[in-house]
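Please read the structure below before turning to the comments.
Computed from a predicted structure; not experimentally measured.
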Amino acid sequence: MDVHVPPLRAWDDFFPGSDRFARPDFRDISKWNNRVVSNLLYYQTNYLVVAAMMISVVGFLSPFNMILGGIVVVLVFTAFVWAAHNKDVLRRMKKQYPTTFVMVVMLASYFLISMFGGVMVFVFGITFPLLLMFIHASLRLRNLKNKLENKMEGIGIKRTPMGIVLDALEQQEETITKFTDYISKVKE
């Protein structure tokens, strides 16, 4: 299936007043995870633009370290995803604790980058944009259009770059399972 980049969402929808933001329920990790996944899918183009601006500024100031940092993070992420597919313990950790999995990838990347002296580039060029995305996705309340778009991604009607990354982290299988369970109940 073709991969499509979703449209850039209106900035007043992406970052409006405080009425569309709320603290997540930290006691219900599943609900919080669903909010984060939904927002990552729905606002992925906005997140890409914000991250690209930050990466451009840091890359302009230190291009070699930014390229090196990007390569290291991609290689470490790929290695961890490959290892998680081949080792059941890592696979369960990745599925049950996706944030922990990403933090382990980032810490391993940090360790490797620190050997080359590009720690500040890593912090401001790679980690900070990811942190901003996570904070926004955690705090932003979902709307009906957000939920509808994500259902289409979840059942495979649409395919997006963030959907591919979330599939690698095994964060969309649960949505598909819930949807197929719902359809089977409706048929009965």
Side-chain angles (χ1 to χ4, degrees), residues 3-59 66 69-70 73 77 93-107 109-110 120-179 182:
V3 176
H4 299 284
V5 176
L8 188 67
R9 307 296 176 193
W11 288 104
D12 63 333
D13 179 38
F14 179 66
F15 199 73
S18 62
D19 60 329
R20 293 196 183 157
F21 288 88
R23 187 174 56 94
D25 183 6
F26 298 112
R27 291 170 283 150
D28 190 354
I29 300 296
S30 177
K31 188 175 179 181
W32 182 18
N33 186 52
N34 286 338
R35 180 193 284 190
V36 170
V37 168
S38 284
N39 285 328
L40 287 174
L41 287 169
Y42 188 71
Y43 294 111
Q44 65 185 283
T45 306
N46 295 64
Y47 293 142
L48 180 65
V49 168
V50 171
M53 289 189 301
M54 295 177 77
I55 289 169
S56 296
V57 169
V58 174
M66 191 65 216
V73 170
F77 180 77
M93 183 193 85
K94 180 177 73 167
K95 182 145 180 78
Q96 292 176 342
Y97 307 105
T99 304
T100 304
F101 185 79
V102 171
M103 297 215 18
V104 167
V105 168
M106 298 309 286
L107 286 172
S109 300
Y110 173 82
M120 291 312 289
V121 170
F122 174 77
V123 169
F124 288 108
I126 298 169
T127 306
F128 192 62
L130 291 175
L131 180 65
L132 287 178
M133 285 182 222
F134 179 73
I135 290 170
H136 182 273
S138 292
L139 297 176
R140 179 67 169 91
L141 296 172
R142 295 176 288 171
N143 57 26
L144 185 60
K145 188 174 180 181
N146 181 323
K147 292 176 183 179
L148 179 65
E149 291 280 330
N150 293 330
K151 291 295 181 196
M152 292 171 57
E153 172 89 23
I155 62 173
I157 294 174
K158 293 172 76 175
R159 197 79 180 127
T160 62
M162 183 65 75
I164 293 169
V165 171
L166 291 172
D167 280 344
L169 292 171
E170 296 184 22
Q171 291 305 299
Q172 290 207 305
E173 291 177 8
E174 187 175 311
T175 304
I176 293 169
T177 305
K178 286 180 184 176
F179 188 72
Y182 175 75

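- Under the side-chain contact (heavy atoms from CB on, under 4.5 Å) criterion, Ser109 pairs with Val72, Val73, Val76, Val105, Phe122, not counting sequence neighbours.
- Every residue meeting the side chain to side chain donor-acceptor pair (under 3.5 Å) condition with Ser138, not counting sequence neighbours, appears here in chain and number order: Trp32.
- Taking 4.5 Å as the limit, every side-chain heavy atom of Asn46 sits out of range of all side-chain heavy atoms of Val50.
- Between atom CG of residue Asn34 and atom CG of residue Asn39 there is a gap of 11.0 Å, rounded to the nearest 0.5 Å.
- Taking every heavy atom of both residues into account, Gly125 and Ile55 meet most closely at O-CG1, 3.1 Å.
- Surrounding CZ of Phe14 are more than 12 heavy atoms belonging to other residues, nucleotides or ligands, all under 6.0 Å away.
- Atom CZ of Arg35 sits about 5.0 Å away from atom CG of Leu141, to the nearest 0.5 Å.
- For Asp25, the salt bridge (Lys or Arg N to Asp or Glu O under 4.0 Å) test picks out Arg27, with sequence neighbours left out.
- A distance-only check finds a donor-acceptor pair linking the side chain of Arg9 to the backbone of Tyr42 [under 3.5 Å].
- For Met103, the side-chain contact (heavy atoms from CB on, under 4.5 Å) partners are Thr99, not counting sequence neighbours.
- Taking the side chain to side chain donor-acceptor pair (under 3.5 Å) definition, one finds that Tyr47 meets it with His136, sequence neighbours left out.
- In this structure, Ser56 OG and Met66 CE are separated by 9.0 Å, a value rounded to the nearest 0.5 Å.
- Here CG of Leu48 is found 10.5 Å from CE of Met53. Values are rounded to the nearest 0.5 Å.
- Leu139 approaches Pro24 most closely through the heavy-atom pair CD2-CD, 3.8 Å.
- Counting heavy atoms from C-beta on, the side chains of Val49 and Trp11 come closer than 4.5 Å.
- Evaluation of the side-chain contact (heavy atoms from CB on, under 4.5 Å) rule for Leu132 yields Met54, Phe128 as partners, not counting sequence neighbours.
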